[in-house]
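The figures that follow rest on heavy atoms only: side chains count, while hydrogens, waters and symmetry mates do not. So that the names make sense, note that chain A is the first sequence line, chain B the second, and so on, each numbered from 1.
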Protein chains: 2
Amino acid sequence: MDAAEFRRRGKEMVDYVADYLENIEKRQVYPDVEPGYLRSLIPEEAPEEAESYEDVVKDIERVIMPGVTHWHSPYFYAYFPTAHSFPAMLADMLCGAIGCIGFSWAASPACTELETVMMDWLGKMLKLPEDFLAGTEGKGGGVIQGTASEATLIALLAARSKIVKLIQADHPDRSETDVISKLVAYSSDQAHSSVERAGLIGGVRMKKIPTDDKFSVRGAALHKVLKEDRAAGLIPFFFCATLGTTPSCAFDCITELGPICNAEKIWMHIDAAYAGSAFICPEFRPLLNGVEFADSFNFNPHKWLLVNFDCSAMWVKKRSDIIGAFKMEPLYLKHDHQESGLVTDYRHWQIPLGRRFRSLKMWFVFRMYGLKGLQAYIRKHVTLAKEFESLVRADQRFDISADVVLGLVCFRLKGSNELNETLLKRINSARKIHLVPCQLAGEFVLRFAVCARTTESRHVQEAWSHISHLASELLQELPH
Amino acid sequence: MDAAEFRRRGKEMVDYVADYLENIEKRQVYPDVEPGYLRSLIPEEAPEEAESYEDVVKDIERVIMPGVTHWHSPYFYAYFPTAHSFPAMLADMLCGAIGCIGFSWAASPACTELETVMMDWLGKMLKLPEDFLAGTEGKGGGVIQGTASEATLIALLAARSKIVKLIQADHPDRSETDVISKLVAYSSDQAHSSVERAGLIGGVRMKKIPTDDKFSVRGAALHKVLKEDRAAGLIPFFFCATLGTTPSCAFDCITELGPICNAEKIWMHIDAAYAGSAFICPEFRPLLNGVEFADSFNFNPHKWLLVNFDCSAMWVKKRSDIIGAFKMEPLYLKHDHQESGLVTDYRHWQIPLGRRFRSLKMWFVFRMYGLKGLQAYIRKHVTLAKEFESLVRADQRFDISADVVLGLVCFRLKGSNELNETLLKRINSARKIHLVPCQLAGEFVLRFAVCARTTESRHVQEAWSHISHLASELLQELPH
C-alpha cells in the first residue's frame with residue numbers, strides 16, 4: 001500500500017469508525033461468542049501472497065465485531081470507563097505517523113518536551129502542589145506511564161531503592177537482600193490487585209490495612225500496624241493510598257495517613273486511577289486534600305478524561321528518586337544534552353525503554369474540550385450516577401452498598417449473595433447491558449459504573465427499568 | 001467534536017499524514033532545537049474554553065515538527081528501525097475506535113483470541129517449535145508485550161518464581177528472600193541495558209558473561225561461570241541469550257548454551273528484539289537454531305516487521321510458568337469462562353493490567369504484505385546494509401568493526417576513539433543523516449542501521465559519500 005492508496009483507505013476507515021460510533025447503540029453490548037470462536041473463522045497460517053485491502057476490511061464485521069465487548073456503548077456499565085474521544089483519535093493518527101520512540105530527549109525532543117509541559121498543564125488543572133510540577137527548574141515532574149499498575153510498581157521500586165540506600169548509608173555491612181527481606185509495604189484491603197502484584201514483583205512483603213465502614217483506611221489503622229511491625233524488626237517503607245477504590249470508589253484518608261508516612265519516612269504513593277480525573281472540578285478537589293504529603297501521585301486520564309488508552313499520568317516530587325532506581329547509560333543511548341538540567345530522559349522513569357508520542361492526545365483533548373468542557377463531562381457522569389442511585393433508593397427491594405461519590409453506584413438486592421449472583425447472571429445473559437460485581441464486607445454487590453461518553457439519562461433509565469424487571473422476575477420465582 | 005466533524009477532520013488528518021510521509025525526505029532528519037525549546041511556544045496552562053480544531057492543527061508545524069527526530073526519514077540510520085506501515089496505521093485507527101481494554105477474555109473476546117491466533121501465525125512464520133504455539137490444546141503460546149524490556153522482565157520474574165517454588169518444595173524451611181538472595185542470572189556482556197535492569201527490578205544478582213571475538217557468548221564461557229557460582233553456593237536460575245545485540249548485532253551461540261541451561265535447570269530466555277524479524281526468511285532461520293532449548297523467546301515486530309510500535313512478540317513453552325508468577329483474581333475481574341482451557345486472560349502474562357487491541361496491526365500487516373512481501377522487505381534492508389558495507393570496505397581509511405549479518409553496519413576510521421567521536425559529532429551536527437555510536441572491545445564505533453521503509457540504494461550512496469567527505473575534511477585537519 002502506497003501513500004496514494006492510504007489516502008483512499010484512510011478516509012474509508014475514518015467513515016467506518018464514525019459509522020461504528022454513531023451506531024454503537026444498535027450493537028449488542030456483550031458478545032454471544034464461546035471461547036475459541038475466532039480460530040475457526042480465519043486460516044491457520046498467514047498468507048504467502050499479499051491480500052487486498054477489501055479482503056481484510058470485509059473480515060472486520062465477519063471475524064472481529066461478533067467477538068467485541070463494546071466498551072463505548074451507552075449500555076456498558078462494567079469495570080470503570082476507558083476514555084474515548086474524537087480529538088484523542090486524531091492525535092493518535094498523528095502519533096502513529098510520526099512514529100518516533102521517545103526514550104530520550106534526543107530520540108525526539110518534541111515528544112519529551114510536550115509530555116513534560118502537558119503533565120504540568122494537567123497538574124495545574126488538578127491544583128497539585130508546586131513540588132510536583134517540572135516547570136523550568138523544578139525537582140519534580142510528571143511522566144506518562146502505560147497503566148496505573150506500572151506507576152504503582154515504579155513508585156514501589158523507587159521507594160525500595162531509596163530505603164536500601166538510606167539504611168546502607170548507616171549500616172554499610174547490611175546487604176541489599178538482607179534489607180529487602182525486612183521491608184514491608186502497605187495498602188488498603190480495598191486496593192487494586194495490581195498493588196499486591198507490585199509487591200510480588202518487587203519481592204517485598206505487602207500488608208493490607210483494614211478499612212473502616214466507609215471502606216477507607218484511617219490513620220489509626222495504619223499506625224497500629226506500623227507499631228507492631230517495627231516492634232517485630234520489620235522496616236516499613238511504602239504505603240500505597242487509594243483515592244477511589246475499584247470495588248466501591250472509596251477514599252483512603254490521606255490527610256491522616258500522609259503525616260504519619262512523612263514522620264515515619266515511608267514513601268506515600270497515591271493511586272487515584274479512576275477518581276483522579278474528577279479532581280479538575282473544584283467541588284471534587286477536596287477529595288485530593290493531603291496530596292501534599294505524598295511522594296508520588298498517579299491517575300489515568302485514559303479512564304475518565306477523554307484521552308484514549310494508554311495515558312496514565314504520574315507525578316513525583318523528586319525526580320532523582322525515581323531516576324536513581326533505574327538509571328543505565330549504554331553508549332548507544334547517550335547524547336550531547338544528557339547532563340543539562342532542562343533535559344528529561346523518560347526511559348529512566350519507566351519499565352519499558354520505548355515510548356509513543358502519547359502527549360499529543362492530551363494536547364488535542366485539553367485544547368479542544370478546554371478545562372470547562374472537561375469539567376462538564378465529569379459532572380455529567382456524576383449526575384447520571386446520582387440519577388441511578390435515586391432510582392435504586394426509591395426501590396425498597398434494593399440497598400445502596402457504598403456512598404456514591406463519583407460515577408460508580410454499588411447496589412444489591414436485599415437478600416443473599418446467591419440471589420445477587422443470580423440477578424447479575426441474568427442481567428449479563430440478557431446482553432442488554434453489561435455489569436461486573438464486587439465484594440464489599442463479604443457481600444456480593446453489583447457495580448454500575450457510568451462509562452460511555454454518549455451515555456444519557458434515557459440509557460440510565462432504561463438500564464434501571466431492565467434491572468428492576470429482571471429482579472421482579474427473579475423474586476417471583478422464589479418460594480415465599 | 002461530533003462524528004460529523006470527525007469525518008471531516010479525520011480525512012484531513014489522513015491527508016496530512018500522507019503528505020508528511022511522502023515528503024519526509026525534505027525535512028531535516030534531526031532537529032535544531034535546544035533543550036526547553038517547546039515550553040515557550042505554548043501557553044503555561046490549558047485553556048479554559050475549547051479551542052477550534054484549526055487552532056490545534058496549525059500548531060503541529062509551529063510547535064511539534066521543529067522538535068521531531070524523523071525516524072522514518074531515509075536519512076535516519078540511528079538506533080534500530082522502528083516499524084511503520086500504512087496497513088498498521090489503518091489497523092491502529094480501528095483499534096482506537098473499538099477502544100476495548102482486553103485484560104481478560106471476557107473484556108473483549110475478539111481482542112484476546114485474535115492475539116492468540118496471530119501469535120501462532122507469527123510463530124509459524126518463524127518456524128518456532130510446536131511447543132511455543134497455543135493451537136487449541138497447547139501448553140505454550142504467545143502474547144504481545146509492549147517492549148522487549150517487559151518481555152525480559154516477565155521471563156526473569158517467572159523464572160524467579162519457579163526456582164523459589166522448586167527449592168522450597170525440597171526445603172520448606174527456606175524463606176523466599178533467603179532463596180532470592182542466592183539467585184544469580186546471566187546475560188552476555190553485550191546484552192541490552194534492559195536485561196541488567198530486569199535483574200535490578202527483580203532484586204537478583206545479574207552477571208555478564210564475557211563474549212568471544214565475534215561478541216558472542218559461547219558455551220564454555222557460561223559453563224565456567226556456572227561452575228564457580230555453584231561452588232560459591234549461589235543458585236543460577238536464568239540466562240538471557242541475545243540474538244542480534246544492540247551494539248553490533250552479534251548472536252549468542254544458543255546451540256551450545258541451550259543444552260547447558262537445560263541440564264542445569266536454568267531458564268533460557270532469548271531476546272532477539274531486532275534480529276527476530278529476519279527469521280521469517282529461510283536463509284536467516286539458522287540463526288534461530290537452538291530455540292528448541294529455550295523456555296521463552298521474544299522479538300519486536302515493531303522494530304523490523306512493519307507493525308507500528310508497540311508490538312513485542314513473546315512466546316513461552318509453558319504458559320503455567322508465566323501465569324503462576326503473577327495470578328491475582330479479584331472478583332471484579334472474574335468471568336464465567338475463567339476456568340476453561342480455551343480461555344486466555346492475558347493480564348496474567350504481563351506487567352500492566354490494561355491492553356490495547358494490538359493484534360489488529362499484525363493481522364492487517366501480515367495479510368496485506370503476505371509472507372513473501374515481508375521477506376522481501378527484510379531482504380531489501382539486508383542488501384542495503386551489505387551495499388554500505390562494501391562502500392566502507394572499499395575505503396582504506398575505514399574498518400568494519402563487526403560481521404554484517406543483517407541490517408546493521410558497525411564501522412570506524414582507523415585511528416583513535418577521539419577521532420571517531422569527532423567524526424560522529426560532525427556527521428550529526430551537519431544534520432543530513434543521523435547515526436548513534438556504540439562501544440566494541442573498548443573502541444568507539446559508528447553504527448549505520450538501515451531503518452526507514454523507504455530507504456533506497458541512492459540514500460545509502462548519498463549517506464556514504466557524505467560520511468566519506470566529512471572524514472576527508474577531518475583527516476586533512478590533522479597534523480601529518
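Only the side chain of A:Y79 comes within less than 4.5 Å of a heavy atom of chain B; its backbone N, CA, C and O stay farther away. Interface remark: A:T69 contributes backbone and side-chain atoms alike to the contact with chain B (heavy atom separation under 4.5 Å). Interface remark: B:V436 contributes side-chain atoms only to the contact with chain A (heavy atom separation under 4.5 Å). Both the backbone and the side chain of B:S181 come within less than 4.5 Å of a heavy atom in chain A. Within the 4.5 angstrom heavy-atom criterion, no atom of B:P66 approaches chain A. Heavy-atom distances place the side chain of B:T147, and not its backbone, under 4.5 Å from chain A. If you measure heavy-atom distances from A:H192 to chain B, the contacts under 4.5 Å come from both the backbone and the side chain. Within the 4.5 angstrom heavy-atom criterion, only side-chain atoms of B:L21, from C-beta onward, approach chain A. Of the atoms belonging to A:Y37, heavy atoms from both backbone and side chain fall under 4.5 Å from chain B. Only the side chain of B:I42 comes within contact range of chain A, judged by heavy atoms closer than 4.5 Å. Using a 4.5 Å cut-off between heavy atoms, B:Q145 makes no contact with chain A at all. Contact of A:E22 with chain B is made through the side chain alone, with heavy-atom distances under 4.5 Å. Contacts of B:M125 with chain A are made by side-chain atoms alone, with heavy-atom separations under 4.5 Å and no backbone atom involved. Contact of B:D59 with chain A is made through backbone and side chain together, with heavy-atom distances under 4.5 Å. Heavy-atom distances place both the backbone and the side chain of A:D55 under 4.5 Å from chain B. Using a 4.5 Å cut-off between heavy atoms, B:R205 makes no contact with chain A at all. For chain A, no part of B:M362 is nearby; none of its heavy atoms comes within less than 4.5 Å. Of the atoms belonging to A:L41, not a single heavy atom falls under 4.5 Å from chain B.
Between the A:E113 side chain and the B:G36 main chain, a donor and an acceptor come within less than 3.5 Å of each other. Panel note: side chain A:H84, backbone B:A97; a donor-acceptor pair is recorded below 3.5 Å. Looking only at distances, no side-chain donor or acceptor of B:W71 sits under 3.5 Å from a matching main-chain atom of B:A83. In terms of modelled atom types and a separation under 3.5 Å, the side chain of A:S429 and the main chain of A:K425 share a donor-acceptor contact. A:R447 contributes a side-chain N or O that, together with a main-chain N or O of A:T246, makes up a donor-acceptor pair within less than 3.5 Å. A:R197 places no side-chain N or O within donor-acceptor distance of the main-chain N or O of A:L153, the cut-off being under 3.5 Å. Under the 3.5 Å distance criterion, the side-chain polar atoms of B:D2 are matched with a main-chain donor or acceptor of B:E5.
Classification of B:R39 and A:D120 as a salt-bridged pair holds, one side-chain N sitting under 4.0 Å from a carboxylate O.
Of the listed residues B:T82, B:I180, B:N308, the one with more heavy-atom pairs under 4.5 angstrom with chain A than any other is B:T82. With chain A as the partner, the residue from B:S85, B:P31, B:A106 showing the most heavy-atom pairs under 4.5 Å is B:A106. Between chain A and the residues B:S161, B:A78, B:G99, the largest count of heavy-atom pairs under 4.5 Å involves B:G99. Between chain A and the residues B:E34, B:E150, B:E45, B:K124, the largest count of heavy-atom pairs under 4.5 Å involves B:E45. Most heavy-atom pairs under 4.5 Å with chain A: of the set B:Y369, B:F366, B:F444, this distinction falls to B:Y369. When B:A198, B:C438, B:G102 are compared by the number of non-hydrogen pairs under 4.5 Å with chain A, B:C438 comes out ahead.
Interatomic distance, CD1 of B:I98 versus OG of B:S108, reported as 7.0 Å (0.5 Å rounding).
When ring centroids are compared, B:H302 and B:F80 stay outside the 6.0 Å threshold.
Closest of all the heavy-atom pairs between B:Y20 and B:V68 is OH-CG1, 4.3 Å. Nearest heavy-atom pair, A:R356 versus B:D92, reported as atom, atom and distance to 0.1 Å: NH2-OD2, 3.8 Å.
A:Y16 does not carry A:R9 over the face of its six-membered ring by the limits of under 6.0 Å from the centre and within 45° of the normal.
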